[in-house]
Amino acid sequence: MNFSELFKLSGLLGRFSPDGKCLASCVQHRLVVRDASSLHIRQLYTCLDQIQHIEWSSDSLFILCAMYKRGIVQVWSLEQPDWHCKIDEGSAGLVASCWSPDGRHILNTTEFHLRITVWSLCTKSVSYIKYPKACQQGVAFTKDGRYVAVAERRDCKDFISIFVCSNWQLLRHFETETQDLFGIEWAPNGCVLAAWDTCLEYKVLLYSLDGRLLSSYRAYEWPLGVKSIAWSPSSQFLAIGSFDEKVRILNHVTWKIITELDHPATISSEKTIVYKEVEKSPTVDTERLSFPPTRALASSLFSTQSKYDISQVPVSLQYVKPVADRANPKVGVGMLAFSADNCFLATKNDNIPNAVWIWDIRKLKLSVVLEQLCTIQYFQWDPCQPRLAVCTGTSRVYLWSPAGCIVVQVPGEGDFQIMSLSWHSSGDSMLLLNKDHFCVCYLETEEV
Amino acid sequence: MGDWKTITVPVLSSDSKIILPYTSERKRSPTSMSSQVLHLSLPSSKNMHSFFSAFCTEENLEQRVSYIDRELTTLGFPSIYAESKGKELNLVTIINCINELLILQHKNLRAQEEVEMQHLKLGSDMDHLQNCYAKVKEQLEFSKREIVGLQERDRQLQSKNRNLHQLLKNEKDEVQKLQNIISSRATQYNHDMKRKEREYNKLKERLHQLVMNKKDKKLAMEVLNYVGRADGKRGAWRTDKTEARNEEEMYKVLLSDYEQRQKQLLLENAELKKVLQQMKKDIISLLPPQKQKPKERSEDGLVLSDQEEDIGELNKENMWELSCETVREQLTNSIRKQWRMLKNHVEKLDNQVSRGHSGALNEKDVISREDHELETERLELEIQQCKEMIKTQQQLLQQQLTCDDDTTLLLQDCYLLEEKERLQEEWRLFREQKKNFEKERKSFTEAAIRLGLERKAFEEDRGTWLKHQFLSMTADCKSECVTTPSAFLRGKYFWFKLCSDSDILLVRSASQQRKAPSAFSPTVSPEPCQISQYITQNSVASEKPAADTMPNLWVENDDKEETE
């Protein structure tokens, strides 16, 4: 594995382009576009204010930079560096901004969710979507980019509107049976829309593309409900992670539950492999010690190395008791991700913040548990193979695949605390993000 | 008995001495009789002295004597006076009286002893009973106390139970109350939320109006030049036509998704059906036709015929294409049926194995440990062999199944042929045996007929012979009627014995006839001849009163019979 040097970054805004050729990062108000493999700077753009959000268009030709404080969105072109576009929302304010799937429209959500304005880069037309819902995932595009579902709320009732992205025509508009719609997500096949209610009410509704309610699922009534949802890449399964530390998987044929995956603090099954990260003290060659000590030596002395050990079952994981009287408690399954080949599901139980649970979907059993030393910050599956990259806020990146798992220390001086990571679309390289820097890790194809 | 005075009386003759101690004893209390007994036998001289003059003195001697006499007479003793005349005492009577009194005394003493013994016994019995009573009373007290204690405990436990029930009820009520509170609060919150939301919406509307009214010039998009669309087409107006086209496209998308899913499901179904078919064939192969019991064979035969039908039907209909209800049901039902049969079969095998094992176990007491272990090893080996055989059979059948249906049909035909041949063989044997039995029966009936005829002839012979004999005997009798009465009698006895004997003979021969049909004819004929021989012998010797010879004759005859 090769690591690039550290580059400056702000706001964890580093993105690979969808075609994988470029890497965009921003430093304060500057947008730097680099080549993905060589990391040479290709373009440099300057925006009017500190950038809060960047997004590549789907054809990798444009980048939008949103500055929420000033309510401005600036769009830059890679082909024509001189081309510029600025969208000013003015006093309406700006809360969120995103591309449409065709890469020619920008959807801006104004402050207080008053409306969503659809700005077109091709024509002068502007469309408005009224009464958008202020929820976590209110706008969902289908994978093929044909339709968009927008969550709305009128008269204290939730609605979903489905628009055709090509001409922004309303296709369907229907009311949902939720108390307070929290999020919507399309299945990868674009035919089923999952909508789920706020955590005070456990309810997951499944709507067909034409607005019919296919099924409604409710696991229990009073305790806190859905925390996270993920579709499997084949659209066969819908995984629902809830506050009761369980993941329930529904199947696409009957929309009924096929299994409940529990996350107990003690793992006693003999078929589960538990990888525990242990620190290993660095070996110091006392003969080679020199005075004054070189920087490299100093850093290597004080940086802790670690490796994976296989723990014997039964293993009891570190359990954090949640504070009872706070809202949005750190309980339940907060992170869910299916692997690209539909064989594995990675979950994180917020009660047990140091562990990543990897489930084998073919057997519907717990296959591996990765127990780290620090709290899991983020994990992401490789878009090509069943390989999971995990970061815990340390300067190490952890990779797991069915063949095994390794710990890779990011070389370099000082602490590089990885807060987030992002795979390249080819699966050959990975972007590691820190609040001040980023670096690119290149994986050799034979490894792991 | 009158009062006795303590008067000192001078020492008198010996007879009065004897009386005195007796009197002195009377004065003592009756309860202390036991101590008196000892004293009586050895009267001390002192006592005698003191009481000596008590009763009788020289002055009142006659009075006393008469008194004594009166007393004795009242007691039933004879008078001590000699002939009740004067004052002369009859010494003899006196002595007798004394003796009687002594005897009486002894008797009384014995009675007293007995009474005292009984008294002691009763006393000890009473003591014993009193002890028992005391103990029982104690036990009763103890049990009563225990009962009280247990009742107390029971009461406490019941009260505790009631308390716990009450607590449980309270907790349940509280839970219910809390749930009600939660739901009421939830509705209240919802209501409040809705109210606040409405207010918020109003604010938003107001804000929206204000924002829109402001006519912010900045609210615009500045773009250097418009970019072409990604797909190169030009933007279109939104019309009804486009709407319809949108709908159409949406439905197309949905339909294509459904079609894809249906294809997948069809593929899955086909695969599963294939697997079920395979399973069915495997199960059929596992139900082995090598069982000896004809019942099972017929079962398998039936099964096979059933299966043949099913396979034929399903193959005919080309079931991969069809997925109709009846075909599916048929398939699943037939598999279930076979699975059950296979299960029964396996269970039977299990039972057999276990019985074999338990059979070995029953003899465990008798046979040694090594033998038992050997037995179990042998059984295990057998099971292993059987399993291997089943496996190889299965494999062979599977191999056969890969080839076309004709060969399988042929094989099944071969099995049927084998069975047919075996049946025919058995039929043949059965017919042979039937023939043999017929023959024997015929010969038996013939023999019976012959025997009947011969018996009839024998009877006739006997009748004629007896007639002659009788006639001859009566002729003899006329000449020697007095001298040989016994001869007539003899003859009668002869006749009777002959009849009974011939009956016995006939019976014997009949029994012999049953045993050895082939040896029937020779035995019958010599017997009557032999009898007739002896009879003629006897008739010759009938002149002498041969009472002795008769038993001899019969003994001989008996011997002869026995030797036969």
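Numbers restart at 1 for each chain; the letters A, B, ... are given by sequence-line order, proteins then strands.
Contacts between A:Ser120 and chain B at a heavy-atom distance below 4.5 Å involve the backbone alone (N, CA, C, O). Proximity to chain B is limited to the backbone of A:Asp82, based on heavy atoms less than 4.5 angstrom apart. If you measure heavy-atom distances from A:Gln74 to chain B, you find no contacts under 4.5 Å at all. Neither the backbone nor the side chain of B:Gln260 comes within less than 4.5 Å of any heavy atom in chain A.
Looking at heavy atoms from C-beta onward, A:Arg146 lies out of side-chain contact with B:Met250 at the 4.5 angstrom threshold. No side-chain heavy atom of A:Tyr131 sits under 4.5 Å from any side-chain heavy atom of B:Asn201. With contacts defined as side-chain heavy-atom distances shorter than 4.5 Å, the pair B:Asp257/A:Val192 does not qualify.
Checked for salt-bridge contact, A:Arg172 and B:Glu247 meet the test: a charged N lies under 4.0 Å from a carboxylate O.
Heavy-atom contacts from other residues, nucleotides or ligands closer than 6.0 Å to CD of A:Glu79 number 12 or fewer. Taking a 6.0 Å sphere around CZ of B:Arg261, one finds it holds more than 12 heavy atoms contributed by other residues, nucleotides or ligands. The neighbour count for A:Lys21 NZ, taken as heavy atoms of other residues, nucleotides or ligands under 6.0 Å away, does not exceed 12. Within 6.0 Å of atom CD in B:Gln262, 12 or fewer heavy atoms from other residues, nucleotides or ligands are found, so the atom counts as exposed in its surroundings. More than 12 heavy atoms of other residues, nucleotides or ligands lie within 6.0 Å of CZ in A:Phe174, so this atom counts as buried by the packing criterion. Residue A:Trp222 places its CH2 atom among more than 12 non-hydrogen atoms of other residues, nucleotides or ligands, all under 6.0 Å distant.
The NZ atom of A:Lys130 sits 11.5 Å away from atom NZ of B:Lys204, with the distance rounded to the nearest 0.5 Å. Here CD of B:Glu205 is found 8.5 Å from CG of A:Leu114. Values are rounded to the nearest 0.5 Å. Interatomic distance, A:Leu200 CG to B:Met193 CE, rounded to the nearest 0.5 Å: 8.0 Å. For the atom pair CG (B:Leu254) and CG (A:Asn189), the distance works out to 9.0 Å, reported to the nearest 0.5 Å.
When each of A:Arg153, A:Arg154, A:Lys133 is checked for a salt bridge (charged side-chain N to carboxylate O under 4.0 Å, His left out) with B:Glu197, only A:Arg153 meets the rule.
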Where do A:Asn167 and B:Asn246 land on the side-chain contact (heavy atoms from CB on, under 4.5 Å) test, with the steps shown first?
CA-CA 9 Å; A:Asn167 52 12; B:Asn246 284 343; 3.7 Å; yes
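Contacts between residues 175-184 of chain B and chain A, defined by a heavy-atom separation under 4.5 Å, are made by B:Ile182, B:Ser183.
Heavy-atom minimum distance, A:Phe112 versus B:Tyr200: O-OH, 3.5 Å. Considering all non-hydrogen atoms of both residues, B:Val253 and A:Tyr147 come closest at CG2-OH, 4.3 Å.
Partners of B:Arg195 under the side-chain hydrogen bond (donor to acceptor under 3.5 Å, both in side chains) rule, at least two apart in sequence or in another chain, are B:Asp192.
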